[in-house]
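The sequence lines fix the lettering, A, B, ..., with proteins before strands; numbering per chain opens at 1.
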Protein chains: 2
Amino acid sequence: MLQAASAVRGTVPPAVRPAGSSSLLLTENQQWIGGPPPLMDKLSPRERELVLKQGRRKVLNRGQTLFSQGGKHDGIWLIESGRIRVFYSSPLGREITLAYWHAGNFVGGPEVFEGTVHQWSGVASSNCSVVHLPGKELRSLAAEIPNLAIGLIEGLTFKGKCYSALAQMLGTRSITQRLAHLLLHLVELYGVEDADGRVIAAAFTHADIAHMVGATRQWVTISLKRMQEKGIVVTKRSQIVVCRTDVLDEMRGHASD
Amino acid sequence: MLQAASAVRGTVPPAVRPAGSSSLLLTENQQWIGGPPPLMDKLSPRERELVLKQGRRKVLNRGQTLFSQGGKHDGIWLIESGRIRVFYSSPLGREITLAYWHAGNFVGGPEVFEGTVHQWSGVASSNCSVVHLPGKELRSLAAEIPNLAIGLIEGLTFKGKCYSALAQMLGTRSITQRLAHLLLHLVELYGVEDADGRVIAAAFTHADIAHMVGATRQWVTISLKRMQEKGIVVTKRSQIVVCRTDVLDEMRGHASD
DNA sequence: CTTTTCCCGGCAACTAATCGACTGCGGTCA
DNA sequence: TGACCGCAGTCGATTAGTTGCCGGGAAAAG
């Protein structure tokens with residue numbers, strides 16, 4: 001089984017904004033680029049303590065499963081540190097990842113209290129620390145702390161938009177367009193300046209990217225190569241440097257006008 | 001402009017269950033096949049009257065637009081009769097329909113009160129009667145009538161599952177699989193017994209179907225023809241008769257095991 | 001240090017799906 | 001009755017995307 005293949009991959013680089021999610025999220029009308037406001041930010045220190053007291057902290061190694069589709073649903077997990085990948089795997093083995101969720105977000109939707117079964121799976125894509133809030137406790141906490149309830153609703157609405165945007169992208173854009181779109185989003189979230197352009201400072205393998213845009217590993221390789229030939233990106237040692245965001249923006253099936 | 005090309009298309013045939021939605025909804029773990037329980041069913045006659053009083057009734061002809069993506073969002077529409085098609089249209093003109101919503105459901109999500117802008121468009125796919133509940137009025141009604149609030153949450157959760165399921169289907173299944181899946185769903189909702197098999201009693205054009213599965217009109221024609229050659233379906237005069245649900249079930253990338 | 005594992009990369013054959021265009025049918029309307 | 005229009009159906013050309021395979025290189029594990 002996986003035992004931390006690379007120290008680099010999986011750690012969130014310093015340049016990264018703390019809260020957010022990397023995926024095919026934003027469509028034309030999407031604001032909230034980095035994700036919803038973190039769930040706990042509006043709470044007073046006392047309230048925060050109250051919530052954490054009710055929850056059960058859990059530490060995960062890279063690769064460990066937090067919940068899996070078809071499993072019984074009970075409550076949510078609040079991410080304290082690390083990165084959780086939420087994805088769906090079809091019976092025939094094809095996979096689509098919804099998003100990589102960062103610290104400050106919660107996972108386990110679309111229902112928050114006691115639901116039926118999970119529609120998605122969640123695994124740690126880096127070493128993580130999470131707090132589990134079971135449905136029953138969460139419900140009473142939400143009744144007690146209005147700001148928590150509001151945070152939950154905001155988070156849920158955002159998740160709804162994620163599903164919605166993902167469906168729209170998958171339904172109306174070609175893989176190449178989706179890839180262009182994703183690269184722009186990754187640059188937005190993880191971009192660090194560099195001599196050649198903007199480096200995507202979080203390491204994703206071609207397979208990771210393939211799962212995000214709904215494609216095969218090989219096709220991502222081919223597409224990236226073509227982009228490199230056109231001078232849009234430079235790939236040096238499994239890192240992607242984006243040189244021409246303008247061309248990418250045009251490629252993705254532009255939103256403007 | 002469209003002026004009711006056919007009298008048959010657009011009317012909901014008698015065999016149809018009253019509430020529900022036809023789309024690529026159900027995944028393996030999906031229950032609620034026909035949609036959520038209708039929003040108003042749990043209300044007392046008096047409460048129902050109260051709600052209808054606050055709303056503004058609107059009658060739509062087939063083809064008329066109810067709301068469109070990018071437009072300002074304010075409240076929801078309750079469907080009294082007819083069928084509303086909710087879809088997204090990309091800047092380059094490709095379209096994906098989320099669902100056809102029937103009487104008893106509401107449209108205008110994923111937010112219910114005052115939101116930002118619509119992510120989807122809604123047009124009447126038959127003559128419709130709807131009741132508009134603006135965000136402000138809806139909010140106070142929901143505060144006053146607990147059962148209405150619960151209905152809203154149930155409806156929203158269901159919509160979340162729709163987006164989610166649609167994304168999963170689009171991300172992991174081939175068009176052929178999606179088509180098989182859709183046919184099974186349509187039979188489930190609109191199926192009427194017949195000498196050859198089960199007739200899908202609601203008329204959808206090939207273009208309609210293409211938008212539901214995210215494909216081109218031509219490809220739907222070809223796929224249906226291939227299915228006919230294999231004896232899975234029979235198409236007689238723009239109506240589809242499904243003979244072998246078992247084969248379709250196997251084609252769609254089966255859930256069982 | 002060696003072995004193993006993972007990941008990039010390329011290649012070839014193949015199928016799925018798109019695009020544009022044209023035909024013919026049937027229904028509707030003037 | 002004739003003109004029109006939306007829709008099913010078909011064709012050929014082209015592209016997008018898959019599947020399976022093999023090789024090399026870098027990094028982790030032993």
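Picking from D:dG20, D:dC7, C:dA21 the nucleotide with the shortest atom distance to the side chain of A:Gln218 gives D:dG20. The side chain of A:Thr216 lies closest to D:dT19 when the candidates are C:dT18, D:dT19, C:dA17. Residue A:Lys225 has its side chain nearest to C:dG10 when only C:dG10, C:dA17, D:dT10 are considered. Distance from the side chain of A:Ile175 is smallest to D:dG17 among D:dT10, D:dG17, C:dG9.
Checked against a 6.0 Å centroid threshold, the rings of B:Trp77 and B:Phe67 count as neighbours.
Here the P atom of nucleotide C:dT18 and the CH2 atom of B:Trp219 are 7 Å apart, to the nearest Å. Regarding A:Asp208, its CG atom lies at a distance of 14 Å from the P atom of C:dC6, rounded to whole Å. Atom CE in A:Met227 sits roughly 17 Å away from atom C1' in C:dG9 (whole-Å rounding). In this structure, B:Leu179 places its CG atom 12 Å from P of C:dT18, rounding to the nearest Å. As a whole-Å value, the separation of B:Arg217 CZ from C:dA21 C1' is 11 Å. Rounding to whole angstrom units, CZ of residue A:Arg94 and P of D:dG17 are separated by 11 Å. Regarding B:Ile222, its CD1 atom lies at a distance of 9 Å from the P atom of D:dC11, rounded to whole Å. Atom C1' of nucleotide D:dT15 and atom CE of A:Met251 are separated by 14 Å, given to the nearest angstrom.
No side-chain heavy atom of B:Arg94 sits less than 4.5 Å from a side-chain heavy atom of B:Ser89.
Note on B:Thr176: a side-chain N or O is less than 4.0 Å away from OP1 or OP2 of C:dA17. Taking side-chain N and O atoms only, A:His206 has a distance below 4.0 Å to OP1 or OP2 of C:dG9.
With no hydrogens or angles considered, no side-chain donor-acceptor pair links B:Ser126 and B:Arg83 at under 3.5 Å.
Ion pairing between a basic and an acidic side chain is recognised when a charged N comes within 4.0 Å of a carboxylate O; A:Glu95 and A:Arg85 show such pairing.
With B:Ile240 as reference, B:Ile209 is the one residue of B:Val234, B:Val199, B:Ile209 to meet the side-chain contact (heavy atoms from CB on, under 4.5 Å) rule.
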